[in-house]
A.B. asks: 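First, the structure itself, so that you have it in front of you.
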Amino acid sequence: MIKKPRMVQISEIVQESKDVKTFTFNIKSILSNYSIQYQDPTPGEFLMVWVPGIDEIPMSLSGFNNNKDWSITVKEVGECTEMLFNLEKSDLVGIRGPFGNGFQIPEFNFNNQLNIVVGGGIGMAPLIPLISELIKLKIKIIVIEGVKSKEEIIFKKYLKNYLIENETFYISTDDGSYGYKGFATDLFNSIIEKEIEKGNKINQVYSCGPEQMMYELFHICEKFNISFQGSLERMMRCGFGMCGLCVLDPSGIRVCREGPILDSKILRTCTDFGKYNRDFSGKKNTI
Amino acid sequence: MIKKPRMVQISEIVQESKDVKTFTFNIKSILSNYSIQYQDPTPGEFLMVWVPGIDEIPMSLSGFNNNKDWSITVKEVGECTEMLFNLEKSDLVGIRGPFGNGFQIPEFNFNNQLNIVVGGGIGMAPLIPLISELIKLKIKIIVIEGVKSKEEIIFKKYLKNYLIENETFYISTDDGSYGYKGFATDLFNSIIEKEIEKGNKINQVYSCGPEQMMYELFHICEKFNISFQGSLERMMRCGFGMCGLCVLDPSGIRVCREGPILDSKILRTCTDFGKYNRDFSGKKNTI
Amino acid sequence: MSEFFKKIAEKPFILASGILGVSYSSMKRIFEGGAGAVVTKSIGPILRKGYKNPSIIEILPGTFINSVGLANPGIDNFISEIKELKQNNITTIVSVFGDSIETYTQVAVKAQDAGADAIELNISCPHAEISIICQNKQLTYEYVVAVKKELKIPLIVKLSPNVTDIGEIALSAEKAGADAITAINTVNAMVIDIETQRPILSHGSGGLSGKAIHPIAVKKMFDLYKIVRIPIFGCGGVFTGEDAIEFFLAGASAVQIGSALYQDYNAITNIINSAKKYLEVHNYKSFSDIVGNAHKFETQEAPDF
Amino acid sequence: MSEFFKKIAEKPFILASGILGVSYSSMKRIFEGGAGAVVTKSIGPILRKGYKNPSIIEILPGTFINSVGLANPGIDNFISEIKELKQNNITTIVSVFGDSIETYTQVAVKAQDAGADAIELNISCPHAEISIICQNKQLTYEYVVAVKKELKIPLIVKLSPNVTDIGEIALSAEKAGADAITAINTVNAMVIDIETQRPILSHGSGGLSGKAIHPIAVKKMFDLYKIVRIPIFGCGGVFTGEDAIEFFLAGASAVQIGSALYQDYNAITNIINSAKKYLEVHNYKSFSDIVGNAHKFETQEAPDF
Ligand SMILES: Cc1cc2nc3c(=O)[nH]c(=O)nc-3n(C[C@H](O)[C@H](O)[C@H](O)COP(=O)(O)OP(=O)(O)OC[C@H]3O[C@@H](n4cnc5c(N)ncnc54)[C@H](O)[C@@H]3O)c2cc1C
Ligand SMILES: Cc1cc2nc3c(=O)[nH]c(=O)nc-3n(C[C@H](O)[C@H](O)[C@H](O)COP(=O)(O)OP(=O)(O)OC[C@H]3O[C@@H](n4cnc5c(N)ncnc54)[C@H](O)[C@@H]3O)c2cc1C
Ligand SMILES: Cc1cc2nc3c(=O)[nH]c(=O)nc-3n(C[C@H](O)[C@H](O)[C@H](O)COP(=O)(O)O)c2cc1C
Ligand SMILES: Cc1cc2nc3c(=O)[nH]c(=O)nc-3n(C[C@H](O)[C@H](O)[C@H](O)COP(=O)(O)O)c2cc1C
Ligand code: FES
Ligand code: FES
């Protein structure tokens, strides 16, 4: 794990959509310069990304490979992400991590069960390495990407390499400009009902996206008795369990450490989920 | 290596002679209580032995086994060794180490060559694990123990288990009260001459004892072109190369770190050897 | 002995301020893990976001630098958290700061009214304006006197190691009516990123905590124990039972644990169990039996000539 | 720039006092390893054995505590060592202490007469009587003025981190005529053995050095660079090229290396080479090009509200 922020050169920038870019960097130089022990990341883990002079913010790993190229996929939403967007190939960015627990991935696909992956907008980012892993493990999956409008679709080309659109890969747009018209939650609900009708058992739903979306997905899963894993976002200072800013009530679960991936068992106890979070001062705000 | 002094219980005390005792302790408790990584010691390495409230002094390891029983063999010469002598079985003593380089031991006995081990008095202590190792490696050895008088002989029983007295194991006494009458250096000289006459090649001499003795042995070896390794004593504060108290002129060799075992190549350059050492203030004193 | 100090004496392990002290739920976990009390994050008169990130970094194994900058929601927003703590029967020390004697007092009184069992006065955060107080015995005296006057509950004063003579500050706090001392807050420090050439923390410098400062804190404890009569809570780099025992031997009545708790939530239980094991093995009944024992030995005061 | 400072500017890596500084031969090794100068062990007016063992202990990886207690053979016995150093063309800084202004001055003058290139005034050893000087700006002034008056060679004053405001002490030394500052000496600390319950060092407490104090030393350097105009030598926990570069960026004109040198004799060469590599990679010609660069950036002075 990289504990002190270390600068790394951006090797590639891909514009995924108008306000989403993927930044790739190779961490070999960090590992060798500072003799850091390397462990493969797990899908769902995140980095703290430092833009010197601006801020340091959490970003999920949207990719990593054997060559130790890591990537993050960033949506421009404020000051720090804007500064990230100004960076060019060869520019430096600081990283530490990876932090967090990552998704729990089944070791094999017993009984040919079906897993469903639902991403909302930029929430697709941590799901990409998860989907790659599930495909590698030959686990049957359906992927749903929900966005507001056609222009916001990301990773479509990548996903279509592995999945067949409208069979194992669905897109929903709120405005109907592409694919299913409506919320990803509705699409999800109808897919589930269809699969159950077909006699298929869904044994796991993975999700990342707006908390309201995940909140609804979770409750649909509860209704159908399906295990759920969602990647939560909370304000983060330390990223490794010290400051307490990202803690959930009443369990004390730290989103940065015991999370960010939380499963049904934990979410059932959680009074914050879908309700409130905290700002950088620690003050509670309703979501 | 044990870096911070750690207390260990004395498991056995053996009176070797009037003023020499061997203390044995098992270091497993230290290793597990403080999760210290263990490495087998090398013959010739030493510990810093702490008698709380009194002093902390260097002591060679005179034994160690697979069960992690370590031992030191101590001659009572002053305040701290006297306090050590007052300790009983189950009492605690503090240790850190092992420090130093240890003897260079040949990996196998090529050409059936002969090694000679010469100890002077308490100088036998670090030679015991060396002798065990050489015997284990089936290397042909002759051991000479030189003492002032019969009462000072130590480890005789142990050595006679492995070596045949007056054939591969000799004792000299200054006063002739046992074995060869005279200095170990003279005995050594005559043994060498005999072996050379027999056409045997001596390829290594190991020694520990009074510096004057080693100084003479070294010069005999130089005359006969035999490599020599001697264990030097210097005042030690840190024991691991920081304070500089044990440094030799003009090489800067630290007896506690690059030593205490110094070979012919180093001794040839050394202007202190047999001439002067330093007291605890750093002041030079002639030997 | 007051109710509060009785509780501490029974379980002399306390969560240090600023670590997992934002919400009642993390403090509850630490309390359930065996702590005798928890200290909340330092709370001020108004909401404060503190310094930007990076603000907490691990720079050596178990050693951290931070410049959180007293981020906190303000006492009014924090009252609900104190009430939750008390509803869960958690012995609660509210850490308090302000920007004047008046605001210090106001926050302390509001915390007391919300149910706090004790107040810890933070006059020693090294990367904030308030550090000036703990560097001056007169200022320390004035602040402590003023706050103490308005309190019915015990007042603990938290001191800084970044001073020439922590003893004179502690004496001043004691004279002013402090019921206990916490020593130490973090040590002034800085880390620079050599690629960008800038300090890593957004504030530039910050406070060192964790393993590196433990021997510094033990020395302060040893010195303070000779000087003040009120209980002293040892704080700084407790990661193991051994670290805690060192504090007791140096003179601590209780031990605060901060940085170490970034680990799994059972870290605090492991530390406490290992410290209790020490008592058992050495035939002591309670931690109070060993407080100050390191002072029994003569050390070499003058060097040999 | 005097001859001495020119040499330092060329090779701004200096052996710190008290590490491998007893005999000319170890200092020669360090000098040959690439140091621009060596500081000898602190030398006093008379032979002094210092504190008994244990007096130097590694307590965390790369972090040490020591209470050597200014052991030294006395200036008269040490003159031969200084002469050997000069015969070997080694740029030699003799570290000096005493028990009064007079003895400080006497030792410094004797060292100068023996051929020292500069004097480093040790007024900051934390486990000896002399530490009182560096805690007081008036005393610092008086000692520095008096010694400086008798010297033709440069005078460096070594400061302690164990003070509320190192800046005012440094200013005092500068005003008194110091030609350079070394910061920092070791940090006050203590380690207790829990089995015997006694402090491990025979003196009880000692000075912390090595990795743990590096971020503390960098902060002092950063603060001092803003205040004094004379060169400052950074000292504390330099183990890598990166550590050295941090010091230069914070404002050091040169870097002293102590604890790290317990390793193989090539440790100093490795540190210097790695620091030089940094210059090369970043297209700098010399270390002076980066001195103080960390001050170019704005840090967040006031927290966000
Ligand atoms: C575990 C985790 C993984 C994330 N992964 C991604 C990702 O893969 N791609 C992506 O685009 N975004 C991701 N985010 C969200 C991302 O961190 C925010 O979009 C980013 O911090 C915005 O910074 P800003 O300065 O541009 O916006 P600002 O204007 O500073 O703030 C906008 C919003 O960003 C969030 N934010 C700001 N600072 C922090 C912080 N320190 N910690 C948490 N949230 C913060 C807050 O919700 C804030 O209201 C993730 C967040 C978390 C917690
Ligand atoms: C590497 C090494 C290995 C040694 N191995 C053994 C051994 O196996 N058995 C054994 O009996 N002795 C050994 N010695 C010698 C032993 O360290 C001294 O006999 C012991 O320190 C005496 O301590 P004291 O307090 O009893 O005597 P003191 O009255 O303090 O001094 C007597 C003499 O002991 C030596 N001595 C004292 N303190 C130290 C010190 N810190 N470092 C080095 N020498 C010191 C000095 O020569 C001194 O003049 C070894 C020494 C060294 C350097
Ligand atoms: C992230 C962090 C935040 C802190 N915040 C506060 C604080 O708000 N108030 C305070 O008095 N001390 C604060 N401290 C200091 C700790 O309470 C404690 O004094 C210090 O960290 C030393 O203890 P430790 O080594 O166990 O962490 C903080 C420390 C850390 C690491
Ligand atoms: C064993 C030891 C002995 C020391 N002796 C002295 C000394 O005699 N005079 C002095 O000014 N500083 C002395 N110091 C302090 C060092 O010179 C240096 O200031 C300190 O160790 C920090 O640097 P480092 O972390 O590189 O060791 C000593 C340090 C150590 C570890
Ligand atoms: S971000 Fe600090 S505890 Fe999670
Ligand atoms: S004893 Fe300190 S360097 Fe050898």
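Sequence lines set the chain letters: A, B, ... in the order given, protein chains first and strands last, and positions in each chain run from 1.
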A.B. asks: Can you tell me how far CD1 of C:I192 sits from CZ of D:F222, rounded to the nearest 0.5 angstrom?
C.D. replies: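 Those atoms lie 6.5 Å apart.
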A.B. asks: Using non-hydrogen atoms only, which part of C:I213 is less than 4.5 Å away from chain D: side chain, backbone, both, or neither?
C.D. replies: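 It is neither, since no heavy atom gets under 4.5 Å.
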A.B. asks: Answer with side chain, backbone, both or neither: which region of C:I194 has an atom nearer than 4.5 Å to a non-hydrogen atom of chain D?
C.D. replies: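 It is both, since atoms from each part get that close.
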A.B. asks: For the interface with chain C, which of D:I245, D:T63, D:L70, D:N188 has the highest count of heavy-atom pairs at distances below 4.5 Å?
C.D. replies: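 Of the options given, most contacts go to D:N188.
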A.B. asks: Highest number of heavy-atom pairs under 4.5 Å with chain D: which of C:H214, C:Q197, C:K49, C:K52?
C.D. replies: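 Option with the greatest count: C:Q197.
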A.B. asks: Please list, in residue-number order, every residue in residues 277-286 of chain C that has a heavy atom less than 4.5 Å from any heavy atom of chain D; write 'none' if there are none.
C.D. replies: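 At a heavy-atom separation under 4.5 Å, chain D is reached by C:Y278, C:H282, C:Y284.
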A.B. asks: Considering only heavy atoms, give the residues of residues 293-305 of chain C separated from chain D by less than 4.5 Å, sorted numerically, with 'none' for an empty result.
C.D. replies: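 Listed by number, the contacting residues are C:N293, C:A294, C:F297, C:E298, C:T299, C:Q300, C:E301, C:A302, C:P303, C:D304, C:F305.
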A.B. asks: Going by heavy atoms in the side chains, are C:V218 and D:V191 under 4.5 Å from each other?
C.D. replies: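 Not in contact.
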A.B. asks: Heavy-atom cut-off 4.5 Å, strictly under: side chain, backbone, both or neither for C:I59 against chain D?
C.D. replies: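 The side chain, not the backbone.
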A.B. asks: Give, as side chain, backbone, both or neither, the part of D:I46 having an atom under 4.5 angstrom from any heavy atom of chain C.
C.D. replies: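 Only the side chain of D:I46 comes within 4.5 Å of chain C.
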A.B. asks: Considering only heavy atoms, which portion of D:S202 lies under 4.5 Å from any heavy atom of chain C: side chain, backbone, both, or neither?
C.D. replies: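 The answer is both parts of D:S202.
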A.B. asks: On a heavy-atom basis, which atom in D:M190 and which in C:E246 lie closest, and how many Å separate them?
C.D. replies: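 Smallest interatomic distance, heavy atoms only, reads O-OE2, 4.3 Å.
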A.B. asks: Which atoms of C:T196 come close to chain D, meaning under 4.5 Å heavy atom to heavy atom: side chain ones, backbone ones, both, or neither?
C.D. replies: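 For C:T196, the backbone is the part near chain D, not the side chain.
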A.B. asks: Quick check on the structure: residues of residues 160-168 of chain C within a heavy-atom distance below 4.5 Å of chain D, by number.
C.D. replies: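 Contacts with chain D: C:N162, C:V163, C:T164.
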A.B. asks: Could you look at D:I216 and say if it's the side chain, the backbone, both or neither that has a heavy atom under 4.5 Å from chain C?
C.D. replies: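 Both backbone and side chain.
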A.B. asks: Specify which of D:A217, D:A189, D:G62, D:A212 makes the most heavy-atom pairs with chain C at under 4.5 Å.
C.D. replies: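 Of the options given, most contacts go to D:A189.
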A.B. asks: Does any backbone or side-chain atom of D:Y51 lie under 4.5 Å from a heavy atom of chain C? Answer side chain, backbone, both or neither.
C.D. replies: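 Contact with chain C: backbone and side chain both.
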A.B. asks: So, using salt bridge (Lys or Arg N to Asp or Glu O under 4.0 Å) as the criterion, who are the partners of D:K219 when residues are at least two apart?
C.D. replies: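 For D:K219, the residues satisfying salt bridge (Lys or Arg N to Asp or Glu O under 4.0 Å) (neighbours in sequence not counted) are D:D223.
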